[in-house]
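In this text the structure is predicted, and so the values were computed from the model without any measurement. Atoms within a ligand are numbered from 1 in the order they appear, just like the ligands themselves. Throughout, numbering of the chain's residues begins at 1 and tracks the sequence.
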Amino acid sequence: SNDPRVSPIPSPRMFKEYFQYKGISFPRLIYSEQGLREVENKFQVRDDDVFNVTYQKSGTVWMLEILSLIHSNGDPSRCRTVPNWDRGPWYETVLGLQTARSNQPPRLISSHLPIQLFAKSFFQSKAKVLYTVRNPKDVFVSLYHFAQIFRPYKEPGQLDQFLEQFLEGDVPFGSWFDHVKGWMGLRGHENFFWISYEELQQDLRGSVERICRFLGKQLDAQAMDGVVENASFQAMKQNKMSNFSLAPRFLLDQTHSSFLRKGIAGDWKNQLTTAQSENFDRVYREQMQGLELSFPWDEL
Ligand code: A3P
């Protein structure tokens, strides 16, 4: 309705509506064509920028927390006083772009953009990208639950049908396969580092050491403890600056599920049928064949 007394939230039509930008779907509620054009063509990347890049649901906020904590030498005070979306804004969102532009350097910036839509100025800079990948079956399961609580997204409907859409890349940010193939094309470049969610799970401390080496940052043992403790799933779930409990209700409704939902590797085994998993494997093989990439989940 147009009744101005109702509420100051966006028009109901904007909820769950997607638009296409260069063949990729984006939810209208928090993205705009103009914002995406600005990011791609006008955003000025600085040499000291650090980008936290992922396909959605691959461990973005986890890496964001790790990078925030490394920056503060393991001291959690900033993580406990500033919401994660201000510490490492998603610069392709309308609000995130403003925050990214106004944050003090060195900036931490998060992004789910596929490489072809990323800020062009990055490719002439010395800025660093950390790319986190996750078993796509777990990405899918996590997204299936997330789409039910994140109001800019369409309801996922039946799992089987949503799986078809995911495998075809008919979801926001497009195909997981294209995203990973695109970004992993940068491996070997000195400004590019990649790691998997599964490695973070297996050995968080060792992973933080590798990340520090890439960033050229040295942490003593106490600082390292601070990072590892405060980036744990439990610590993040308890931190209201990291668990999205401060997110406006019109964006996220955590009454039935949480952003920080299970935080494990391999939940797909509880959620996909054998037929669904085999179908997934078939598409995975088709899409990834011939690539000299090996991931922790390949042996599973
Ligand atoms: P689940 O839905 O499988 O629990 P993103 O940040 O890219 O949206 O990814 C969210 C996923 O990362 C969720 O997965 C969430 O629980 C998981 N996650 C976030 N922080 C984590 C942590 N500290 N440890 C393990 N998993 C974490």
### For atom 6 (O) of ligand 1, closest protein heavy-atom neighbour
Val61 N, 2.9 Å
### Task
Spell out, as yes or no, whether a donor-acceptor pair under 3.5 Å connects the side chain of Asp253 to the backbone of Ile149.
no
#### Entry: Whether Tyr197 lies under 4.0 Å from ligand 1, heavy atom
yes
## Note on the structure
Filtering His145, Arg134, Lys262 for the heavy atom nearest atom 3 (O) of ligand 1 leaves Arg134
#### Entry: Whether Met236 lies under 4.0 Å from ligand 1, heavy atom
yes
### Message
Below 4.0 Å from ligand 1: does a non-hydrogen atom of Thr54 turn up there or not?
### Response
no
### Task
From the options Phe118, Phe26, Tyr31, Phe173, select the one residue that forms a ring pair (Phe, Tyr, Trp, His ring centres under 6.0 Å) with His112.
Phe173
### Query
If you measure only the distance, is there a donor-acceptor pair under 3.5 Å linking the side chains of Glu40 and Tyr21?
yes
### Task
Assess His112 for proximity to ligand 1: is some non-hydrogen atom of it under 4.0 Å away?
no
### Query
Is the ring centre of Phe295 less than 6.0 Å from the ring centre of Trp194?
yes
### Message
To check your reading of the model: name the closest protein heavy atom to atom 2 (O) of ligand 1, its residue, and the distance in Å.
### Response
Ser142 OG, 2.6 Å
### Query
If you measure every N/O of Ile264 against every N/O of ligand 1, is any gap under 3.5 Å?
no
### Message
Taking a cutoff of less than 4.0 Å between a non-hydrogen atom of the residue and any ligand atom, is Glu65 in contact with ligand 1?
### Response
no
### Element-labelled atoms of ligand 1 that are located less than 4.0 Å from some non-hydrogen atom of Gly59
5 (P), 6 (O), 7 (O), 9 (O)
### Task
Would you please indicate yes or no on a ring centroid separation below 6.0 angstrom for Phe166 and Trp176?
no
### Task
Side-chain contact test, heavy atoms from C-beta onward, threshold under 4.5 Å: evaluate it for Arg210 versus Phe193 and give yes or no.
yes
#### Entry: Polar contact flag for Arg261 and ligand 1 (N/O pairs, less than 3.5 Å)
yes
### Message
Ignoring hydrogens, what is the shortest heavy-atom contact between Phe244 and Trp90? Give both atom names and the distance.
### Response
CZ-CH2, 4.4 Å
## Note on the structure
Ser232 heavy atoms within 4.0 Å reach ligand 1 at atoms 23 (N)
### Query
If you measure only the distance, is there a donor-acceptor pair under 3.5 Å linking the side chains of Asp160 and Gln276?
yes
### Query
What is the ring orientation for Phe150 with Phe146, classed by angle as parallel under 30°, tilted 30 to 60°, or perpendicular over 60°?
parallel
### Query
Quick one: do the Asn279 and Arg282 side chains pair a donor with an acceptor below 3.5 Å?
yes
### Query
Going by distance alone, is a donor N or O of one side chain under 3.5 Å from an acceptor N or O of the other, for Asp178 and Gln116?
no
### Query
Please state which protein non-hydrogen atom is closest to atom 22 (C) of ligand 1 and give its distance, to 0.1 Å?
Trp62 CD2, 3.4 Å
### Query
When you look for heavy atoms under 4.0 Å from ligand 1, do you find them on the side chain of Ala231, its backbone, both, or neither?
backbone
### Query
Among all protein non-hydrogen atoms, which one is nearest to atom 7 (O) of ligand 1, and what is the separation to 0.1 Å?
Thr60 OG1, 2.4 Å
### Query
With no hydrogens and no angle check, do the side chains of Asp298 and Tyr284 hold a donor and an acceptor under 3.5 Å apart?
yes
### Summary
Looking only at protein heavy atoms, what sits closest to atom 19 (C) of ligand 1 is Leu260 CD2, 3.3 Å
### Task
May I ask you to list the atoms of ligand 1 that are less than 4.0 angstrom from any heavy atom of Gln201?
25 (C)
#### Entry: Heavy atom of Phe259, distance to ligand 1 below 4.0 Å
yes
### Summary
The answer for which part of Ser58 has a heavy atom under 4.0 Å from ligand 1 is backbone
#### Entry: Nearest non-hydrogen protein atom, atom 8 (O) of ligand 1
Lys57 NZ, 2.9 Å
